[in-house]
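Taking it in order: structure first as structure tokens, then the write-up.
Small disclaimer: the values here were computed from a predicted structure and weren't measured. Residue numbers run from 1 in the order of the sequence given. What's counted below: heavy atoms across the whole structure, side chains too, no hydrogens, waters or symmetry copies.
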Amino acid sequence: MKKRLKAKVCLLDSTLMSLCLSMYDWALYTHTKGAVKMHTVLDLETLLPEFVCMSNSKGRLTRLTAILHPSPAKNV
């Protein structure tokens, strides 16, 4: 049984990317590792990114949802 949604469906992905701490000292993740987070919102139909944001690795996903302001016509 397939259900159709009236609203547009988007996917939210958060990926942690490791970085060399000796080259990127601003990307402190732990005492010995560096990392950044890449948050991506993808359109489910086209799988194309609608929004991409890079943040420090200690950022929280709840802060990102405040930036996005999802409209009633979208399901994220």
Side-chain angles (χ1 to χ4, degrees):
M1 179 170 108
K2 283 188 176 181
K3 290 188 177 186
R4 299 212 178 244
L5 298 173
K6 292 180 182 179
K8 183 177 182 178
V9 178
C10 295
L11 305 171
L12 178 61
D13 176 56
S14 294
T15 303
L16 186 69
M17 295 184 288
S18 298
L19 297 174
C20 178
L21 192 55
S22 63
M23 293 183 69
Y24 303 99
D25 56 349
W26 52 266
L28 184 63
Y29 179 57
T30 64
H31 294 291
T32 58
K33 293 183 180 180
V36 293
K37 268 190 186 174
M38 183 173 75
H39 308 282
T40 309
V41 176
L42 297 170
D43 181 358
L44 183 62
E45 291 180 11
T46 62
L47 293 179
L48 293 174
E50 290 191 349
F51 179 82
V52 176
C53 174
M54 300 219 23
S55 66
N56 64 6
S57 56
K58 301 200 182 207
R60 298 200 183 267
L61 193 59
T62 54
R63 292 183 191 147
L64 180 67
T65 56
I67 295 170
L68 290 176
H69 301 293
S71 68
K74 284 186 181 179
N75 289 324
V76 178

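Remark: T15 pairs with D13, M17 by the side-chain contact (heavy atoms from CB on, under 4.5 Å) rule, at least two apart or across chains. T46 pairs by the side-chain hydrogen bond (donor to acceptor under 3.5 Å, both in side chains) definition with D43, not counting sequence neighbours.
Taking every heavy atom of both residues into account, K37 and L16 meet most closely at CG-CD1, 3.8 Å.
F51 pairs in a side-chain contact (heavy atoms from CB on, under 4.5 Å) with only one of the listed residues (L12, T40, V41, L42), which is V41.
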message: Using the rule given for side chain to side chain contact (heavy atoms under 4.5 Å, CB included), can you reason through M38 versus V52, listing the C-alpha separation, both sets of side-chain angles and the distance that settles it, and then say yes or no?
response: CA-CA 7 Å; M38 183 173 75; V52 176; 4.0 Å; yes
Side chain to side chain contact (heavy atoms under 4.5 Å, CB included) assessment of C10 paired with E50: CA-CA 9 Å; C10 295; E50 290 191 349; 3.7 Å; yes
